[in-house]
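On a predicted model such as this, the values are computed, not experimentally measured, just so you know.
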Amino acid sequence: MDTLLESPVRPATDDSTPVNRNPVRRSARRSASPLRIGLVNNMPDSALVATERQFSRLVHGAIPGPLSLQLFHIPAVPRQDEARAILAARYRPVSELYRNQLDALIITGNEPRAAHLDDEPYWKDLTALIDWAAENTQTTLLSCLAAHAAVLHLDGIQRQRLTAKKSGVLTCIVNSGSSRHLPGQLATCHSRLNEVRREALTEAGYTIVSEAGGGHVDIFSRSLRSDFVFLQGHPEYDADSLMREYRRDVGRYLNGQRDTYPEVPENYFDHHTVLRMENFRTLAERSRDPRLFDCFPETALRNGLEARLSASAAAVFEHWLASVKAQVTAA
């Protein structure tokens with residue numbers, strides 16, 4: 001975001017990698033043509049439909065004028081039957097993306113399954129997609145695990161395991177030197193078990209766009225042939241997304257699918273909800289019974305939180321797509 005072109009990415013040498021099949025042609029588009037945005041939705045089955053809706057809402061609301069959002073998926077991402085049916089009905093396999101000319105691309109993350117990213121079952125397909133995006137889009141937005149995969153693939157930057165899941169709403173300060181058009185602060189949902197750290201990113205030439213206290217990087221960027229924007233957080237989340245994830249993790253604890261009780265998302269629930277959650281945790285840890293899940297407390301968010309999250313997400317996507325439209329119009 002507002003970064004200058006740096007050294008080009010080195011494409012993979014594997015002949016099966018779809019690099020540079022359709023190089024960026026900045027003069028081939030007319031300003032009256034719709035922006036063509038691709039969404040590669042890698043999110044888990046439980047979040048697949050919600051993620052499509054969230055990104056679609058933000059993309060279509062970001063700028064006036066015609067816009068086409070095209071949906072793709074990576075077949076190697078493990079799926080159950082219901083999700084496969086949804087993908088078959090509305091999505092195309094990522095192999096078809098390589099025959100398209102897109103202005104911008106969004107690549108989502110997934111819930112980590114492997115201890116090492118390059119052991120994920122879809123690693124080869126994801127890195128091939130990253131190489132293609134670097135050569136064939138004006139800009140690519142990479143979310144969460146996809147962001148971690150990209151920096152590992154491009155620059156060998158390893159994600160670091162956190163001592164506890166980072167879950168909550170972070171107040172992120174926008175660095176004035178990295179973006180002139182974003183507000184000074186962003187309220188962003190974070191939900192992750194790992195992170196890439198500021199020092200490693202800056203040493204490799206990445207620009208930190210926004211970050212929260214304690215050294216938590218939020219948005220960072222790097223200009224290659226394509227301008228890559230990386231999100232460690234989830235600005236696309238609905239206001240209740242963290243609540244639903246927290247509730248899911250409590251259920252996993254009660255069912256014995258996880259060893260530790262999840263922490264309440266920070267800066268998220270109102271005071272009375274936090275107290276109810278703490279009381280429920282005491283009961284659950286004393287009597288670990290799946291039937292307790294039926295008594296999960298009612299929740300209320302902090303006053304004004306939904307509006308803050310919505311405004312921040314809109315600002316990020318408006319700025320990102322405005323830059324795309326400006327490049328296409330100038331071509």
Side-chain angles (χ1 to χ4, degrees), residues 1 35 37-63 67-74 77 83 86 90-91 102 104-112 133 137 139-150 165-172 174 179 182-183 185-192 195 209-210 212 216-221 228-246 248 265 267-268 301 305-324:
M1 304 173 98
L35 289 183
I37 313 297
L39 170 62
V40 182
N41 191 348
N42 301 312
M43 289 294 278
D45 292 2
S46 60
L48 181 69
V49 174
T51 298
E52 176 190 329
R53 172 179 50 76
Q54 290 159 357
F55 277 109
S56 179
R57 180 189 69 238
L58 286 168
V59 164
H60 282 98
I63 55 172
L67 183 148
S68 170
L69 182 64
Q70 303 176 34
L71 305 176
F72 301 93
H73 73 102
I74 295 177
V77 174
I86 292 170
R90 297 209 296 270
Y91 287 71
L102 299 174
L105 183 64
I106 300 168
I107 308 174
T108 79
N110 194 293
E111 190 174 5
T137 65
T139 179
T140 293
L141 190 76
L142 301 109
S143 172
C144 205
L145 183 143
H148 293 173
K165 182 178 182 179
K166 190 67 177 174
S167 176
V169 175
L170 303 188
T171 298
C172 303
V174 174
S179 177
L182 288 173
Q185 290 186 358
L186 299 169
T188 306
C189 293
H190 278 243
S191 177
R192 49 190 170 80
E195 68 177 1
V209 177
S210 60
H216 294 287
V217 175
D218 179 43
I219 303 173
F220 55 102
S221 66
F228 272 23
V229 179
F230 306 84
L231 309 176
Q232 278 211 115
H234 289 279
E236 80 281 2
Y237 268 15
D238 296 323
D240 66 349
S241 292
L242 290 179
M243 182 279 291
R244 288 186 281 107
E245 286 190 0
Y246 177 68
R248 176 204 66 193
N267 305 318
Y268 186 64
L301 304 183
L305 180 62
E306 184 171 1
R308 289 177 58 219
L309 292 173
S310 178
S312 293
V316 170
F317 277 79
E318 286 168 6
H319 173 44
W320 179 57
L321 286 180
S323 67
V324 177

remark   = To the nearest 0.5 Å, atom CD1 of Ile219 lies from atom CG of Leu182 at 6.5 Å
key: Residue pair His60, Leu69: steps toward the side chain to side chain contact (heavy atoms under 4.5 Å, CB included) verdict   = CA-CA 8 Å; His60 282 98; Leu69 182 64; 3.9 Å; yes
request  = Not counting sequence neighbours, which residues clear ring-ring contact (aromatic ring centres under 6.0 Å, His included) with Tyr246? List them please.
outcome  = none
key: Residue pair Pro235 / Ala313: nearest heavy atoms and the distance that separates them   = O-CB, 3.0 Å
query = Shortest non-hydrogen contact from Ala147 to Leu142?
reply = CB-O, 3.6 Å
ask   = Rounded to the nearest 0.5 Å, how far does OG of Ser221 lie from CG of Leu141?
value = 11.0 Å
Euclidean distance, His73 NE2 relative to Leu39 CG, rounded to 0.5 Å = 12.0 Å
task = For Arg308, enumerate each residue passing the salt bridge (charged side-chain N to carboxylate O under 4.0 Å, His left out) test, keeping only those at least two apart in sequence or located in another chain.
result = none
query = Any donor-acceptor pair under 3.5 Å linking the side chain of Ser167 with the backbone of Pro265?
reply = no
query = Should Leu186 and Val316 count as side-chain neighbours, where that means a heavy-atom distance under 4.5 Å?
reply = yes
query = Should the ring pair Phe228 and Phe230 be called parallel, tilted or perpendicular, given that the plane angle runs from 0 to 90° and is split at 30 and 60?
reply = perpendicular
key: Full working for side chain to side chain contact (heavy atoms under 4.5 Å, CB included) between Leu305 and Val169   = CA-CA 9 Å; Leu305 180 62; Val169 175; 3.9 Å; yes
query = Between Arg90 and Glu52, is the closest basic N to carboxylate O distance under 4.0 Å?
reply = yes
query = What residues, two or more places apart in sequence or in another chain, satisfy ring-ring contact (aromatic ring centres under 6.0 Å, His included) together with His148?
reply = none
query = Atom NE2 of His190 and atom NZ of Lys165: how far apart are they, to the nearest 0.5 Å?
reply = 13.0 Å
task = Check the pair His216 / Glu195 against side chain to side chain contact (heavy atoms under 4.5 Å, CB included), numbers first and verdict last.
result = CA-CA 8 Å; His216 294 287; Glu195 68 177 1; 3.4 Å; yes
note = Between Leu242 and Ser191 the two heavy atoms that sit nearest each other are CD2-CB, 3.8 Å
ask   = Mind checking what makes ring-ring contact (aromatic ring centres under 6.0 Å, His included) contact with Tyr268, not counting sequence neighbours?
value = none
ask   = With no hydrogens and no angle check, is any side-chain donor or acceptor of Asp218 less than 3.5 Å from a backbone partner on Cys172?
value = no
message = Please find the pair of heavy atoms, one from Leu102 and one from Ile37, that lie closest to each other, and give the distance.
response = CD2-C, 4.3 Å
inquiry  = Can you list everything that forms a side chain to side chain donor-acceptor pair (under 3.5 Å) with Thr51? Sequence neighbours excluded, please.
reply    = none
Verdict with reasoning, Glu245 to Tyr237, per side-chain hydrogen bond (donor to acceptor under 3.5 Å, both in side chains) = CA-CA 11 Å; Glu245 286 190 0; Tyr237 268 15; 2.4 Å; yes
ask   = Could you go step by step and tell me if Thr140 and Ile107 meet the side chain to side chain contact (heavy atoms under 4.5 Å, CB included) rule?
value = CA-CA 8 Å; Thr140 293; Ile107 308 174; 4.0 Å; yes
request  = To the nearest 0.5 angstrom, please state how far the CG atom of Leu145 sits from the CG atom of Asn110.
outcome  = 6.5 Å
task = Look up atom OG in Ser143 and atom CD in Gln232, then write down how far apart they are to the nearest 0.5 Å.
result = 10.0 Å
key: Worked verdict on Thr171 versus Gln185 for side-chain hydrogen bond (donor to acceptor under 3.5 Å, both in side chains)   = CA-CA 7 Å; Thr171 298; Gln185 290 186 358; 5.3 Å; no
key: Pairing residues for Arg244 by the salt bridge (charged side-chain N to carboxylate O under 4.0 Å, His left out) criterion, not counting sequence neighbours   = Asp238, Asp240
